[in-house]
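Just so it is clear: chains get the letters A, B, ... in the order the sequence lines come, proteins before strands, and each one is counted from 1.
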There are 2 protein chains.
Amino acid sequence: MPRSSVSSTGHNRISAAQRIGQALLEEISAGELRPGQRLEEIGLAHRFGVSRTPVREALSRLTAQGILVQGERRGVFVAQYTREELSLIFEAMHEIEAACARVVAQRLGLLSRTEIEAAQAECVKAAEAGDRTAYLRANEAFHMAIYRATGNPYLREIASEFRQRTGPFRAKKFDGPESLLLSARSHQALINDIFSEDSAAASKSMRDHMTTSFIQALKAN
Amino acid sequence: MPRSSVSSTGHNRISAAQRIGQALLEEISAGELRPGQRLEEIGLAHRFGVSRTPVREALSRLTAQGILVQGERRGVFVAQYTREELSLIFEAMHEIEAACARVVAQRLGLLSRTEIEAAQAECVKAAEAGDRTAYLRANEAFHMAIYRATGNPYLREIASEFRQRTGPFRAKKFDGPESLLLSARSHQALINDIFSEDSAAASKSMRDHMTTSFIQALKAN
DNA sequence: TGAATTGATTTTGTATACAAACGGGGGATC
DNA sequence: GATCCCCCGTTTGTATACAAAATCAATTCA
């Protein structure tokens with residue numbers, strides 16, 4: 001959990017455990033660490049110039065989040081899911097996202113509205129430019145904006161965790177430029193339902209949006 | 001001395017960290033450890049006859065689950081929520097439960113059906129007997145049966161965690177005997193919607209069920 | 001030749017120690 | 001009498017060491 005804030009001079013206030021966890025997360029997201037790959041405590045300890053203790057803490061945290069899995073006496077690995085499992089994880093994620101959309105539709109503030117619209121504008125821009133990397137980032141921001149708009153940090157937390165967890169499997173889901181435009185249009189439909197404060201429609205819209213993107217993710221993995 | 005003390009011959013594989021975490025969970029659920037109460041590493045270490053290391057691991061796991069919170073350099077405490085926060089936690093929980101009901105309605109197997117019916121039978125029995133403790137247990141089993149019936153371990157995991165997390169605040173929610181009957185009747189309505197495989201109705205039914213019980217919980221806390 | 005035993009290595013869990021950072025209390029200063 | 005500062009205890013994070021259990025390999029025995 002977040003310890004404290006910033007660094008002053010030489011030494012960071014963030015613990016080594018956090019730093020390592022963050023670094024590993026990034027490497028996993030970036031695909032440098034592939035699903036199924038082994039992570040050994042001692043090796044990581046040497047690599048980061050620390051002892052096993054903070055490494056263990058980082059690993060156990062990521063394991064609790066489902067990013068890593070513990071093999072039976074054979075070390076810790078980057079989580080690797082079968083198609084079946086992946087499908088179930090995405091199902092859970094879709095339900096959470098739909099719940100978020102539902103709540104947002106019920107409790108929509110002006111600020112959230114602006115934030116969501118801004119994020120969507122970014123998405124459209126990136127989609128029209130055909131910039132895949134930019135779209136990935138903008139899409140992330142769009143969904144995060146919705147999580148925040150729920151006004152419910154607990155819901156937001158779960159949704160974020162799922163997003164993180166599925167990151168490695170969603171990264172390659174946007175094949176061509178038309179897929180970006182499709183996604184952006186799907187966002188717009190969702191926004192319309194949310195802004196009209198129809199919670200049932202918003203929930204369904206989100207589920208539809210997620211489903212289409214999921215199908216592409218499955219094809220890619 | 002490491003982990004020798006427990007196993008005489010066979011394999012007792014649970015670690016001290018797990019044992020301590022479990023023990024703490026039970027004490028919290030039982031209300032022996034009240035929200036806001038401090039847990040000090042060294043004290044627990046002595047109490048369980050171990051060193052700080054496994055205690056730390058147990059505490060950090062429970063902290064990650066939101067059961068405990070880390071005070072600012074003043075130790076770890078049993079999570080204590082304001083009415084506001086409690087309200088949001090329950091909202092999140094309700095959405096998860098609703099999602100489960102929705103999924104179950106879409107994918108209902110015979111086995112799950114039987115299990116849910118059996119759990120509900122127990123609930124009715126306890127409610128009619130006016131046995132509050134038995135009803136609490138039966139109610140737990142009923143909801144767990146629904147989680148399992150989703151066929152989605154990831155959804156189940158989240159739902160279970162929320163149930164655990166809110167345990168201390170739900171324990172006293174059933175005031176009188178008529179409240180038990182009310183809850184059991186609410187279950188029945190939910191079951192009807194699930195069994196008719198109407199996912200939207202099931203989801204709404206669950207939300208209604210949870211809302212009524214939540215209101216009672218809020219009154220109690 | 002195949003199976004079982006055993007020894008070594010790895011992995012995991014725990015103990016203990018140490019260092020840094022924060023908070024509070026007591027004393028000094030005005 | 002109030003305020004400020006310094007010191008000290010507590011808490012937290014990390015390092016290192018050790019012990020048990022499990023895996024792997026090799027060797028031995030049937």
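- One finds no salt bridge joining B:Arg207 and B:Glu97 here, because no Lys/Arg side-chain nitrogen approaches an Asp/Glu carboxylate oxygen to under 4.0 Å.
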Mind listing the N/O atom pairs, protein and nucleotides 14-16 of chain D, below 3.5 Å?
{"unit_1": "D:dT14", "atom_1": "OP1", "unit_2": "A:Ala16", "atom_2": "N", "d": "2.3"}
{"unit_1": "D:dA15", "atom_1": "OP2", "unit_2": "A:Ser51", "atom_2": "N", "d": "2.5"}
{"unit_1": "D:dA15", "atom_1": "OP2", "unit_2": "A:Ser51", "atom_2": "OG", "d": "2.8"}
{"unit_1": "D:dA15", "atom_1": "O5'", "unit_2": "A:Ser51", "atom_2": "OG", "d": "3.4"}
{"unit_1": "D:dA15", "atom_1": "N7", "unit_2": "A:Thr53", "atom_2": "OG1", "d": "2.9"}
{"unit_1": "D:dT16", "atom_1": "O4", "unit_2": "A:Thr53", "atom_2": "OG1", "d": "3.4"}

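- Contact of the A:Ile146 side chain with the A:Ile194 side chain is registered, since non-hydrogen atoms from C-beta on lie closer than 4.5 Å.
- Atom CD of B:Glu41 is separated from atom C1' of D:dT10 by 11 Å (rounded to the nearest Å).
- Panel note: side chain A:Thr114, backbone A:Leu110; a donor-acceptor pair is recorded below 3.5 Å.
- Here D:dG13 presents its C1' atom at 13 Å from CD1 of B:Ile42, a figure rounded to the nearest Å.
- With rounding to whole Å, B:Gln70 atom CD is found 19 Å from D:dT10 atom P.
- A salt bridge is defined here as a Lys NZ or Arg NE, NH1 or NH2 lying under 4.0 Å from an Asp or Glu carboxylate O, and A:Glu91 with B:Arg102 fails to meet this definition.
- Atom-to-atom, CZ of B:Arg61 to C1' of C:dG13 comes out at 13 Å; the value is rounded to the nearest Å.
- The shortest non-hydrogen separation linking B:Ala184 to B:Ala127 is CB-CB, 4.1 Å.
- Rounded to whole angstrom, the span from the CD atom of B:Glu40 across to the P atom of C:dG23 amounts to 18 Å.
- Between the P atom of C:dT10 and the CZ atom of A:Phe77 lies a distance of 15 Å, rounded to the nearest Å.
- For B:Arg38 and C:dG23, the CZ to C1' distance is 12 Å, given to the nearest whole Å.
- Within 6.0 Å of CD in B:Glu32 there are more than 12 heavy atoms belonging to other residues, nucleotides or ligands.
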